[in-house]
Colleague: 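Before we start, here is the structure in question, set down as structure tokens.
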Amino acid sequence: MTAPLLVLDLDGTLVDTAADLIATLNIILTNEGLRPMTRDDAGALLGAGARAMIERGFRLNDAPLDTPTLDRLFATYIPLYEGRIAEESRPFPGALAALDRFAAAGWRLAVCTNKLESLSRRLLDELDLTSRFAAVCGGDTFAVRKPEAGHLLGTIERAGGDPARTVMVGDSVTDVNAAKNARVPVVGVTFGYTDAPVATFGPDAVIDHFDDLWNAVATIDAARQR
């Protein structure tokens, strides 16, 4: 029988990356003469990848942004962010213990994120986490990205999993909708980056801490087997 699979979003779910993401964005914004963002802006900025974050930073400044300018700023952003990718970024409290518990119980683990795959792997490498995951799939790994079902389903396939034995964990409407589109149950975390409570997006369960993840997934699995 195929091993059960836990698929996690990265930014705002597995790793608290807000400080490094926003610090890099602020270099872009200040160079353009715009107001820098704060950690309080994280929910309105993060969760959909770097291009969307830059767009949102300009929108919060009421500044127009055309496609050629966005392309230029995105190309500038990537090396800047890569240079400080794990200066302040760390796994959320309880995350590593939760991963250990699932792995010890025979679960495979995977990452499905809209962050570029190269940056995702670089971050996980810096945090010594890469070896824990059977697959790491970014926003450019496939032809589609979350919330499209194909991004999550492609991640499941690469990890050697089965959608019928998979649970997704994420912090945003993008994660919840990706799981719903793929017909995979999803646990929402309340400590991530979203401008609305994750419960309003309709996940199958909501947790406030990684210590609660095991029981949430067990409840989902029990309901799925009935």
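In what follows, every heavy atom counts, from backbone to side chain, and hydrogens, waters and symmetry copies are set aside.
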Colleague: Among all residues two or more places apart in sequence or in another chain, which pass the side chain to side chain donor-acceptor pair (under 3.5 Å) test with D125?
Modeller: T130
Colleague: For residues A159 and A110, report the shortest heavy-atom separation together with the two atoms involved.
Modeller: CB-CB, 4.0 Å
Colleague: Please assess T13 against T113 for the test side chain to side chain contact (heavy atoms under 4.5 Å, CB included), listing each intermediate value before the final yes or no.
Modeller: CA-CA 10 Å; T13 299; T113 173; over 6 Å; no
Colleague: Taking S89 for the side chain and A86 for the main chain, is one N or O donor matched with an acceptor at less than 3.5 Å?
Modeller: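 No.
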Colleague: Look at the side chain of T200 and the backbone N and O of A196, then say whether any donor-acceptor pair between them is shorter than 3.5 Å.
Modeller: no
Colleague: Do I27 and L73 land in one hydrophobic cluster if side-chain heavy atoms of ILVMFWY residues count as linked below 4.5 Å?
Modeller: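 Shared cluster, yes.
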Colleague: Supply the atom-to-atom distance L25 CG to L46 CG, rounded to the nearest 0.5 angstrom.
Modeller: 8.5 Å
Colleague: Measuring from R158:CZ to L153:CG, what's the distance to the nearest 0.5 Å?
Modeller: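 Going from the CZ atom of R158 to the CG atom of L153 covers 13.5 Å.
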Colleague: Under a single-linkage definition using a 4.5 Å side-chain heavy-atom cutoff for Ile, Leu, Val, Met, Phe, Trp and Tyr, are F102 and L127 assigned to the same hydrophobic cluster?
Modeller: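 Result: yes, single cluster for both.
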Colleague: Does N26 reach the main-chain N or O of P36 with its side chain, forming a donor-acceptor pair under 3.5 Å?
Modeller: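 Not a single qualifying donor-acceptor pair exists.
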Colleague: Scan residues 165-181 for pairs that pass salt bridge (charged side-chain N to carboxylate O under 4.0 Å, His left out), counting only residues two or more places apart or in two chains.
Modeller: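 Output for this query lists K146-D175.
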Colleague: Is it true that the side chains of T69 and D66 contain a donor and an acceptor less than 3.5 Å apart?
Modeller: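 Short answer, yes.
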Colleague: Report the distance from atom CG of L152 to atom CG of N181, rounding to the nearest 0.5 Å.
Modeller: 9.5 Å
Colleague: For E117, is there an ion pair with R121 - N to carboxylate O distance below 4.0 angstrom?
Modeller: yes
Colleague: Mind checking whether F210 and F191 have parallel, tilted or perpendicular rings, split at 30° and 60°?
Modeller: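 Rings of F210 and F191: tilted, 30 to 60°.
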Colleague: First locate atom CG of L14, then atom CG of L99, and finally report the distance between them rounded to the nearest 0.5 Å.
Modeller: 6.0 Å
Colleague: Ring-plane angle category for F92 and Y193, please: parallel below 30°, perpendicular beyond 60°, tilted otherwise.
Modeller: tilted
Colleague: For E87, I'd like to know if atom CD has over 12 heavy atoms of other residues, nucleotides or ligands within 6.0 Å.
Modeller: yes
Colleague: For residues G139 and R145, report the shortest heavy-atom separation together with the two atoms involved.
Modeller: O-CB, 3.8 Å
Colleague: Report whether W107 and L124 are members of the same hydrophobic cluster (ILVMFWY, side-chain heavy atoms less than 4.5 Å apart, transitive linking).
Modeller: yes
Colleague: Starting from V217, can I reach L109 by hopping between I/L/V/M/F/W/Y residues whose side chains sit under 4.5 Å apart?
Modeller: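 They do share one cluster, since a chain of ILVMFWY contacts under 4.5 Å joins L109 to V217.
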Colleague: For salt bridge (Lys or Arg N to Asp or Glu O under 4.0 Å), just list the numbers for D71 and R51, CA-CA rounded to whole Å, side-chain angles, deciding distance to a tenth of an Å, and then say yes or no.
Modeller: CA-CA 8 Å; D71 291 342; R51 289 180 67 90; 2.9 Å; yes
Colleague: Hey, does the side chain of N61 reach the backbone of R35 with a donor-acceptor pair shorter than 3.5 angstrom?
Modeller: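 Confirmed, N61 side chain pairs with R35 backbone.
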Colleague: Hey, what do you get for OG1 (T174) to CZ (F201), rounding to the nearest 0.5 Å?
Modeller: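 The OG1 atom of T174 sits 8.5 Å away from the CZ atom of F201.
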Colleague: Can you measure from CD1 (I156) to SG (C112) and round to the nearest 0.5 angstrom?
Modeller: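 Spacing of CD1 (I156) from SG (C112) equals 8.0 Å.
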Colleague: Side chain of H151, backbone of G138: donor and acceptor closer than 3.5 Å?
Modeller: yes
Colleague: Taking the basic N atoms (NZ, or NE/NH1/NH2) and the acidic carboxylate oxygens, is any pair closer than 4.0 Å for D20 and R84?
Modeller: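 Result for this pair is yes, salt bridge flagged.
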Colleague: For the hydrophobic clusters of this structure (ILVMFWY residues joined by side-chain heavy atoms under 4.5 Å, transitively), does one cluster hold both L5 and L129?
Modeller: no
Colleague: Taking the side chain as everything from C-beta on, heavy atoms only, tell me whether V187 gets closer than 4.5 Å to M168.
Modeller: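 No, their side chains stay 4.5 Å or more apart.
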Colleague: List the residues meeting salt bridge (charged side-chain N to carboxylate O under 4.0 Å, His left out) with R122, not counting sequence neighbours, and say none if there are none.
Modeller: E82, E126
Colleague: Go through the steps to decide whether D211 and R101 satisfy the test side chain to side chain contact (heavy atoms under 4.5 Å, CB included), and finish with yes or no.
Modeller: CA-CA 10 Å; D211 290 352; R101 184 172 187 180; over 6 Å; no
